[in-house]
Every structure is written in structure tokens, then in C-alpha cells.
> 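My structure is below; once you've seen it, I'll send some questions.
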Amino acid sequence: MPTGPKHWKHTEVGDGTDDTWAEECRCMIGEDHYVGADSPMSEMLSEVDAEDIYLSSGMDPDYDFR
């Protein structure tokens, strides 16, 4: 698996506070990044992405993530 340069990944603790913890990372982003529900690295879909998935699946209810 290819790896990038060593940097820090910051993740939300998840206890309702704004606290984060950091760990070394070697992903291909290659720069420090923040992982949380409202960050660019989150796994949450934006409303636009969810709508695109729904429409491209033929409006199948199994793919309705809106």
C-alpha cells in the first residue's frame, strides 16, 4: 500500500466536547488533517452527494441517504 509523508490526523473524541486526539498518519493526503462529523474528511455525505446517489440509482429507496 502506498504511503505518504508522516503527518498528524486529528479526530474528535466523541464525548460531546470539542476535544480531539492526534495520531501519526501516513495517508496519501500528506498533510495534517482533521477528522470529524463536519470536516472535509468525514464519511458523512453532503446533501448534494446524497441526492446524486439517489437519482443515479433510479430513485431506489435502498439508496436514499437524504
Side-chain angles (χ1 to χ4, degrees):
M1 174 187 334
T3 59
K6 184 166 59 169
H7 57 277
W8 293 97
K9 177 174 80 171
H10 300 271
T11 308
E12 288 180 348
V13 174
D15 60 359
T17 65
D18 290 333
D19 295 338
T20 63
W21 58 276
E23 63 182 316
E24 288 185 359
C25 183
R26 288 192 175 266
C27 73
M28 295 305 291
I29 293 173
E31 60 188 43
D32 293 351
H33 52 94
Y34 172 76
V35 179
D38 59 352
S39 73
M41 296 296 296
S42 80
E43 293 184 18
M44 294 177 59
L45 290 173
S46 70
E47 291 181 29
V48 173
D49 291 340
E51 183 75 15
D52 287 345
I53 291 170
Y54 179 65
L55 294 174
S56 68
S57 68
M59 294 190 234
D60 184 341
D62 289 338
Y63 294 95
D64 190 358
F65 303 110
R66 299 175 293 154

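Starting from 1, each residue takes its place in the sequence as its number. In what follows, every heavy atom counts, from backbone to side chain, and hydrogens, waters and symmetry copies are set aside.
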> Give, for atom CD of E23 and atom NZ of K9, the distance between the pair rounded to the nearest 0.5 Å.
4.5 Å
> Using the test side chain to side chain contact (heavy atoms under 4.5 Å, CB included), find all partners of D62 that sit at least two apart in sequence or belong to another chain.
D60
> Which residues pass the salt bridge (Lys or Arg N to Asp or Glu O under 4.0 Å) test with D52, not counting sequence neighbours?
none
> How does the hydrophobic cluster around Y54 look, that is, which other residues are in it when side-chain heavy atoms under 4.5 Å mark a link?
L55, M59
